[in-house]
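Here the structure comes first, spelled out in structure tokens, and everything after it is commentary.
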Amino acid sequence: VVSAVHPAGSTDALLLVAGASAARWKKSGAEADARAAAQSLRVVGTRKTALAPEAPSDYRFGKTTGPSSMKSRNDGPDYSKYAADDAD
């Protein structure tokens, strides 16, 4: 279940995604809970910020931070390992 809110005076939208495992969705009434949560989403107010967007904190820039072994599907392929082969 997805609910979206576009607050007045903002250029951004807020999305709430509610879900559960297939078993809970069918047997425990998770759908009703998810729909109730989605219907309750409200934005009371917004305010301007002086914070600048930073690439490492936004997946849309395709960069991640953290240990070198941690990869994101947005990091793209690592072609640097082929650079040594091209030098020959």
Closest contact, heavy atoms only, [X] versus [Y]:
{"X": "His6", "Y": "Asp12", "answer": "CD2-O, 3.0 Å"}
{"X": "Val1", "Y": "Arg35", "answer": "CG2-CG, 3.9 Å"}
{"X": "Trp25", "Y": "Ala30", "answer": "CA-CB, 3.7 Å"}
{"X": "Thr46", "Y": "Pro7", "answer": "CG2-CB, 3.6 Å"}

Below 4.5 Å, heavy atoms only, C-beta onward: do Gln39 and Leu16 meet side chain to side chain?
-> no
To the nearest 0.5 Å, what is the distance between CZ (Arg42) and OG (Ser3)?
-> 8.0 Å
Report the C-alpha distance between Val43 and Leu14 in whole Å, list the side-chain angles of each, state the deciding distance to 0.1 Å, and finish with yes or no for side chain to side chain contact (heavy atoms under 4.5 Å, CB included).
-> CA-CA 9 Å; Val43 175; Leu14 177 66; 4.0 Å; yes
